[in-house]
2 protein chains.
Amino acid sequence: MTLADVAARAQVSPATVSRVLNGNYPVAASTRERVLKAVDELDYVLNGPASALAAATSDLVGILVNDIADPFFGIMASAIQSEIGGPGGRAGGERLAVVCNTGGSPERELTYLTLLQRQRAAAVVLTGGAVEDPAHGAAVGNKLRRLAEAGTRVVLCGRPPVPEAIAITFDNRGGGRELTEHLIGLGHRRLGYIAGPEERTTTRHRLEGHRAALAAHGIEEDPRWTVYGRYDRLSGYEATLELLRRDPTLTAVVAANDTVALGACAALRDSGLRIPDDVSVAGFDDLPFSIDAVPSLTTVRLPLSEAGARAGRIAMGREEAPPGGIATVRGELMVRGSSGGPRVG
Amino acid sequence: MTLADVAARAQVSPATVSRVLNGNYPVAASTRERVLKAVDELDYVLNGPASALAAATSDLVGILVNDIADPFFGIMASAIQSEIGGPGGRAGGERLAVVCNTGGSPERELTYLTLLQRQRAAAVVLTGGAVEDPAHGAAVGNKLRRLAEAGTRVVLCGRPPVPEAIAITFDNRGGGRELTEHLIGLGHRRLGYIAGPEERTTTRHRLEGHRAALAAHGIEEDPRWTVYGRYDRLSGYEATLELLRRDPTLTAVVAANDTVALGACAALRDSGLRIPDDVSVAGFDDLPFSIDAVPSLTTVRLPLSEAGARAGRIAMGREEAPPGGIATVRGELMVRGSSGGPRVG
DNA sequence: TTGAAAGCGTTACCAC
DNA sequence: GTGGTAACGCTTTCAA
């Protein structure tokens, strides 16, 4: 079942069928009718690889995420995808938005980029924090350059800028700082911090913001107050217990993201502590379910979907790139419930 | 930059380069070395569309999900993907696992299937409940048949069986029944039910289970006790308020999934009711965060990742299809905390 | 407005 | 074990 079959049935040349199907060339209405009818009757579906080969581009748009089970990425991916104009978007250019789950692994990230390069993807959006290994950074930079050279549009979303691409970044430092300042304003002077994986940009930036806040208020940080972990619930649970073991007098815990904060809350509850009477907890992300899990949780509301939507539009060339190729979007502090004061004693 | 360039540089024929790159044909070690060296030096990447065209198959594997922002799908997708043997999986066959977000829309589902068909996908996995519109069901069935005829492996995961594909299904009826029976065992006789979207299979099956439990215990259901909604938090919130307005004497609320249950809990809290002292809440899914949100929430622990893993293996032909092409996996009831008794009065 | 024909970059078959 | 070469199914100039 090929273009030629359709052409034969519609009594036209393959070229005409191609033009009708791509809708990018004037074709007489009556001819179009006939072709469309033939397509319908034969239940014909264009051969993607053949099109891509001949046209030297494909309609694939790759979205790389660190963890597909984390709504943080789900929300962004969803926003990107609706702007891609794929199924459900505006008619015409049927793009295939595909989300690729790297699991946070540098190798997989690179492999996916190669796979996307191999597919001659129309665009690639990389979301979330990056691994800070210099070698890996260079490798990714190279790949991105090659992709761009081959005509693939590359956009970063929630990921630190690199020279090879346009970037929409979150102000992780500012958010981290604001979060901790809020707790300090509540009277806390002894704050534990649960960081994300080491060597991840978001981990470092958020932690830097936290420390800046401490420094600004003349609080000397105890090295025992920081624990590194993964961006998941169990990690938050374990880190909190570890924190409490190291220093039971902590009055607040800051978590590198909401999922981690959830685990922290569970650990606090299991330790017989109450939130926010005994300990205040702050997260970072504002995921839809955290408000249910911890009504008093204070988080930074990251504009996940707005950032994603913008990245999607830029990737499709429907929005101009920001000046300098970098746009930084700010989070807004979400104070929920009464985040209590510090524990006495 | 083509295969020919590499061949020239390595002083071999294009055919040999192809064989080395695909690793599916004996090539002398020394020749292989030379070719690999040339590939490396030229930074050559195979042209996917050209390969797919010539070989008449691609290395794309599509995973359709109803809502990418919902961890329910994220967990399954993640499990499927690791079994696909894509990046990070076992070496060799670099498959591109791509997740496609239908948003629960029948049209998008169909469009994605067409797009995947156009790409000559190696396999397609459809996850989650299906829309129950007969016309749409027929259309999907047709597409699946065509896909299968074209050599694409089609597997359903957490989705009701159709003749055109192998299916791993969840026992939604049984789970729903068990959940409600648990609440009845606690003494509840007046139970509200927040269903998912109408015309969705999971919605219907879970509700049927619920009603079977009521019937088995001689409880006559009040029509006011069931409200339909979407599978999200806000829907759960609103539905609960509606339920409470219709009948303030309810002592328990069953939600069609955990996300909905979270919204229900929020609504109960906002109504001044305590959980589980005043009202018991039950969800359906066992998502990782629900335990934090509502420690006393009772849910069915669906084997999301096991089901996904199995679907992935079957899609890759690494595991035999279940007898009759259908495997039903059972959920396990998760009773957390003390799910209290009914409210007095 | 339409048709003819030359690629696009691989793969796979057939020789050697 | 390796090379030559016809497909693969479409897009796109160039003519008509």
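Naming: A, B, ... by sequence-line order, numbering from 1 per chain. Atoms considered below: every heavy atom in the structure, side chains included; atoms not considered: hydrogens, waters and symmetry mates.
- A residue-by-residue look at Ser30(B) and Pro14(B) shows that Ser30(B) has its nearest nucleotide of DNA chain D further toward the 5' end.
- Contact annotation: Ser18(B) reaches the phosphate of dT11(C) (side-chain N/O to OP1 or OP2, under 4.0 Å).
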(request) Before giving the answer on side-chain hydrogen bond (donor to acceptor under 3.5 Å, both in side chains), spell out for Asn47(B) and Gln117(A) the whole-Å C-alpha distance, their side-chain angles and the decisive distance to 0.1 Å. (result) CA-CA 8 Å; Asn47(B) 182 316; Gln117(A) 180 183 10; over 6 Å; no
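- What separates CG of Asn22(B) from P of dT10(C) is a distance of 11 Å, to the nearest Å.
- Taking atom CD of residue Gln11(B) and atom P of nucleotide dG3(D), one finds them 10 Å apart after rounding to whole Å.
- Taking the side chain of Ala28(B) as heavy atoms from C-beta on, and the options dT1(C), dG3(C), dT2(D), the nearest nucleotide is dT2(D).
- Considering only side-chain atoms of Ala15(A), the nucleotide from dT11(C), dG3(C), dG4(D) that sits closest is dG3(C).
- If you find the closest nucleotide of DNA chain C to Tyr25(B) and to Val45(B), the one lying nearer the 5' end belongs to Val45(B).
- The shortest side-chain heavy-atom distance between Val154(A) and Leu126(A) falls under the 4.5 Å cut-off.
- Atom CZ of Arg19(A) and atom C1' of dA4(C) are 10 Å apart (whole Å).
- Across Val12(B), Thr16(B), Val17(B), a single residue satisfies side chain to side chain contact (heavy atoms under 4.5 Å, CB included) together with Arg34(B), and that is Val12(B).
- For the pair Arg32(A) CZ and dT2(C) C1', the computed distance is 14 Å after rounding to whole Å.
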Please produce a list of atom pairs where a protein N or O lies less than 3.5 Å from an N or O of nucleotides 6-9 of chain D.
none

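- When the shell of 6.0 Å around CD of Glu320(A) is examined, it contains 12 or fewer heavy atoms from other residues, nucleotides or ligands.
- Distance CZ (Arg34(B)) to P (dG1(D)): 14 Å, rounded to an integer number of Å.
- Between Thr16(A) and dT2(C) there is no side-chain N or O to OP1 or OP2 distance below 4.0 Å.
- A salt bridge does not link Glu132(A) with Arg200(A): every distance from a Lys NZ or Arg NE/NH1/NH2 to an Asp or Glu carboxylate oxygen is 4.0 Å or more.
- One atom, CD of Glu33(B), and another, P of dG1(D), lie 15 Å apart when rounded to the nearest Å.
- Between the side chain of Thr102(B) and the backbone N or O of Val65(B) there is at least one donor-acceptor pair closer than 3.5 Å.
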(message) Please evaluate residues Arg145(A) and Glu149(A) with respect to the criterion side chain to side chain contact (heavy atoms under 4.5 Å, CB included), reporting the C-alpha separation (whole Å), side-chain torsions for both, the decisive distance (0.1 Å), and the verdict.
(response) CA-CA 6 Å; Arg145(A) 181 151 18 80; Glu149(A) 284 166 3; 3.4 Å; yes
